[in-house]
Amino acid sequence: MTPSNRSIKKLEAEDWLVWNVESRIPRTNITKDLFGFIDLLAIRGEETLAVQVTTASNVSARIKKCTNHENIGAVRDANWRIEVHGWRKKRSEWVCRVVDIS
């Protein structure tokens, strides 16, 4: 299971409606994120959540990527919550570190 699939499962268990908004460019190993830094978009009631998903070892790099991106201001102005999910295996189960960068 990919980190994105783990985050989808986690968010759905928290009653979010989740959509993977990251797209893979055909015949390449390149992916494009929504607005340049969003992998998953989720809604629950009046809340909107943008998520960047990675492994636990890459959380700092993804926080830097998101906070330095030219579009983060527009997403923040729209009052979307922004989180980075970093996944790692602890013993026999997967654990998610959630960092709110709204």
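Along the sequence shown, the residues carry numbers beginning at 1.
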**Student:** With distance as the sole test, does Arg81 use its side chain to make a donor-acceptor pair with the main-chain N or O of Ser102 at under 3.5 Å?
**Tutor:** no

**Student:** To the nearest 0.5 Å, what is the distance between CG (Leu41) and CG (Leu17)?
**Tutor:** 9.0 Å

**Student:** Can you measure from CD1 (Ile25) to CZ (Arg27) and round to the nearest 0.5 angstrom?
**Tutor:** 11.0 Å

**Student:** Between Lys10 and Glu14, which heavy-atom pair has the shortest distance, and what is it?
**Tutor:** NZ-OE2, 2.7 Å

**Student:** Report yes if the side chains of Phe35 and Val21 come closer than 4.5 Å at any heavy-atom pair, otherwise no.
**Tutor:** no

**Student:** For Phe37, does its backbone N or O pair with a side-chain atom of Gln52 as donor and acceptor, under 3.5 Å?
**Tutor:** yes

**Student:** Quick one: list whatever passes side-chain hydrogen bond (donor to acceptor under 3.5 Å, both in side chains) with Arg24, sequence neighbours left out.
**Tutor:** Asn29

**Student:** Are any of the side-chain nitrogens in Lys65 or Asp33 under 4.0 Å away from the carboxylate oxygens of its partner?
**Tutor:** yes

**Student:** Flag the pair His85 / Leu40 as yes when at least one side-chain heavy-atom distance between them is below 4.5 Å, and no otherwise.
**Tutor:** no

**Student:** State, yes or no, whether a side-chain contact exists between Glu22 and Val53 at a heavy-atom distance under 4.5 Å.
**Tutor:** no

**Student:** Is it true that, when you exclude Arg97 itself, more than 12 heavy atoms of the residues, nucleotides or ligands shown sit nearer than 6.0 Å to its CZ?
**Tutor:** no

**Student:** Could you check whether any side-chain heavy atom of Val51 comes within less than 4.5 Å of a side-chain heavy atom of Asp39, counting everything from C-beta outward?
**Tutor:** no

**Student:** Determine whether Glu47 and Trp16 make a side-chain contact, defined as any pair of heavy atoms from C-beta on separated by less than 4.5 Å.
**Tutor:** yes

**Student:** Transitively linked via ILVMFWY side-chain contacts under 4.5 Å: Leu34 with Leu11?
**Tutor:** no

**Student:** Please determine whether residues Val18 and Leu49 belong to a single hydrophobic cluster, defined as Ile, Leu, Val, Met, Phe, Trp and Tyr linked transitively by side-chain heavy-atom distances below 4.5 Å.
**Tutor:** yes

**Student:** Minimum heavy-atom separation for Val59 to Gly86, with atom names?
**Tutor:** CG2-CA, 3.5 Å

**Student:** Are Val99 and Ile8 co-members of a hydrophobic cluster defined by side-chain heavy atoms under 4.5 Å apart?
**Tutor:** no

**Student:** Between Thr55 (side chain only) and Trp87 (backbone N and O only), is there a donor and an acceptor less than 3.5 Å apart?
**Tutor:** no

**Student:** Tell me, yes or no, whether the heavy-atom count around Trp19 atom CH2, taken from other residues, nucleotides or ligands under 6.0 Å, exceeds 12.
**Tutor:** no

**Student:** What heavy-atom pair brings Arg76 and Ile101 nearest, and what distance separates the two atoms?
**Tutor:** NH2-O, 2.7 Å

**Student:** Indicate the atoms forming the closest heavy-atom contact of Arg62 with Val84, along with that distance.
**Tutor:** CB-CG1, 4.1 Å

